[in-house]
Amino acid sequence: RTSPKSSARIASTPAQVHNQLPMLRPPVYCWSRVVVLSCLALVSCRRPDYFPLKDGMEMQFAASEYGVAGDDTFEIRNLAYTISLSDSGRVPGLGQIYKTHLSRDGDSYLSLIFRKTQDAVFVLHPSQSDEFTPAPRWIRLIELPLREGAIWFGDPERSVSFEVIDREDVETSLGVVRDCFRIRIHAEEPFLMDIWLAPDIGIVRWRRRLSATRFELSERVLDSMSAR
């Protein structure tokens, strides 16, 4: 007579062992889920663009100029800046370049030319902005990838230096912009400038010292950013 305990068939071959351990069977994959997860992984590994340049883009900034007298700070005037990308194209020896125009209170103020590589963003010195050749004096504006504590010089003469001094959330009239790199630009005294760069947005604020007793603070009006 077979006892109840021995009524169950005892696995004696590899195939029988495999059948009695279903948790060890190879999983059945849902390929659509694999594709979605792979795409998410690629997006999460993408490096944020802290200085995006796109054809037709236009950015507006509200700025205020302040004076300092002893311990008192007083507002002198309000200004409106607009930065627009007016042209772009490829130049032999340089790659893709971007021509931008800066206006202040509606009046033409400054033209700058930028170019981007995998490890830096360069700006053409304003005094040479009409020379579209590989030879002019390019300033290394941003060294990539950005990281806290990084320091670099903009030119071989070391006339201007850049330092990533912090990573901050910037409060604007439209809300808080997260994870901004604050870069300090050192040049000839009394010039000193800080810029805040936000991921996939670009400049959201700048602060520059105009003299020992005057400085300017700007804030990007984010809802005005557009592409024509």
- Item | Ala198 to Tyr50 - nearest heavy-atom pair and separation | C-CD2, 3.6 Å
- Query: Just by distance, do the side chain of Asp49 and the backbone of Asp200 share a donor-acceptor pair under 3.5 Å?
  - Reply: no
- Establish whether Trp152 and Leu141 are linked, either directly or via other cluster members, by ILVMFWY side-chain heavy-atom contacts under 4.5 Å. yes
- Task: Enter the distance from Phe61:CZ to Ile83:CD1 here, rounded to the nearest 0.5 Å.
- Result: 4.5 Å
- Return the minimal non-hydrogen interatomic distance between Glu148 and Val164, and the atom names on each side. CA-CG1, 3.9 Å
- Message: With rounding to the nearest 0.5 angstrom, report the CD1 to CZ distance, Ile97 to Arg115.
- Response: 10.5 Å
- Are any non-hydrogen side-chain atoms of Arg137 and Leu124 less than 4.5 angstrom apart? no
- CG (Asp87) and NE2 (His101) are apart, to the nearest 0.5 Å, by 13.5 Å
- Task: Show your reasoning for whether side-chain contact (heavy atoms from CB on, under 4.5 Å) applies to Thr82 and Glu58.
- Result: CA-CA 7 Å; Thr82 300; Glu58 186 174 277; 3.6 Å; yes
- Kindly write out the residues that satisfy salt bridge (charged side-chain N to carboxylate O under 4.0 Å, His left out) with Arg77, not counting sequence neighbours, or none if the list is empty. Glu65
- Item | Euclidean distance, Phe215 CZ relative to Leu210 CG, rounded to 0.5 Å | 9.5 Å
- Count the heavy atoms of every other residue, nucleotide or ligand shown that sit under 6.0 Å from CD of Glu157, and state whether that count exceeds 12. yes
- Query: Same cluster or not: are Leu53 and Ile195 linked, directly or through other Ile, Leu, Val, Met, Phe, Trp or Tyr residues, by side-chain heavy atoms under 4.5 angstrom apart?
  - Reply: yes
- Residue set satisfying salt bridge (charged side-chain N to carboxylate O under 4.0 Å, His left out) with Arg208, at least two apart, ordered chain then number -> Glu216
- Would Val160 end up clustered with Leu110 when hydrophobic side chains under 4.5 Å apart are linked, directly or stepwise? yes
- Looking at side-chain heavy atoms only, is the closest gap between Lys116 and Tyr98 below 4.5 Å? yes
- Query: What's the spacing between Leu197 CG and Ile203 CD1 if we round to 0.5 Å?
  - Reply: 6.0 Å
- Message: Go through it in stages, so that I can follow the logic: the residues are Arg47 and Leu144, the test is side-chain contact (heavy atoms from CB on, under 4.5 Å), and I'd like the CA-CA distance, side-chain angles, deciding distance and then a yes or no.
- Response: CA-CA 10 Å; Arg47 179 192 296 177; Leu144 301 172; 4.0 Å; yes
- Minimum-distance pair of heavy atoms, taken over all atoms of Val121 and Phe114: CG1-CD2, 4.4 Å
- More than 12 foreign heavy atoms under 6.0 Å from CD of Glu188: is that the case here? no
- Query: Where do Glu75 and Asn78 land on the side-chain contact (heavy atoms from CB on, under 4.5 Å) test, with the steps shown first?
  - Reply: CA-CA 8 Å; Glu75 188 174 83; Asn78 294 317; 3.3 Å; yes
- Query: Side-chain heavy atoms under 4.5 angstrom apart, residues restricted to Ile, Leu, Val, Met, Phe, Trp, Tyr: same cluster for Ile185 and Phe51?
  - Reply: yes
- Tell me whether Tyr109 is reachable from Val123 by hopping between hydrophobic residues (I, L, V, M, F, W, Y) whose side-chain heavy atoms are closer than 4.5 Å. yes
- Query: Looking at Arg182, Arg207, Arg205, which one forms a side-chain hydrogen bond (donor to acceptor under 3.5 Å, both in side chains) with Asp194?
  - Reply: Arg182
- Message: Would Glu219 and Val204 count as a side-chain contact (heavy atoms from CB on, under 4.5 Å) here? Give the steps.
- Response: CA-CA 6 Å; Glu219 177 187 299; Val204 292; over 6 Å; no
- Quick one: hydrophobic cluster around Ile165, which other residues, with the 4.5 Å side-chain cut-off, linked directly or via members? none
- Task: Would you mind reporting whether Trp138 and Ile113 have side-chain heavy atoms less than 4.5 Å apart?
- Result: yes
- Item | Ring geometry between Trp206 and Tyr81 (parallel below 30°, tilted from 30 to 60°, perpendicular above 60°) | perpendicular
- Query: Any side-chain heavy atom of His186 sitting closer than 4.5 Å to one from Leu192?
  - Reply: yes
- Query: Roughly how far, to the nearest 0.5 Å, is OG of Ser159 from CD1 of Ile139?
  - Reply: 5.5 Å
- Do Phe162 and Glu143 touch side chain to side chain, with heavy atoms closer than 4.5 Å? no
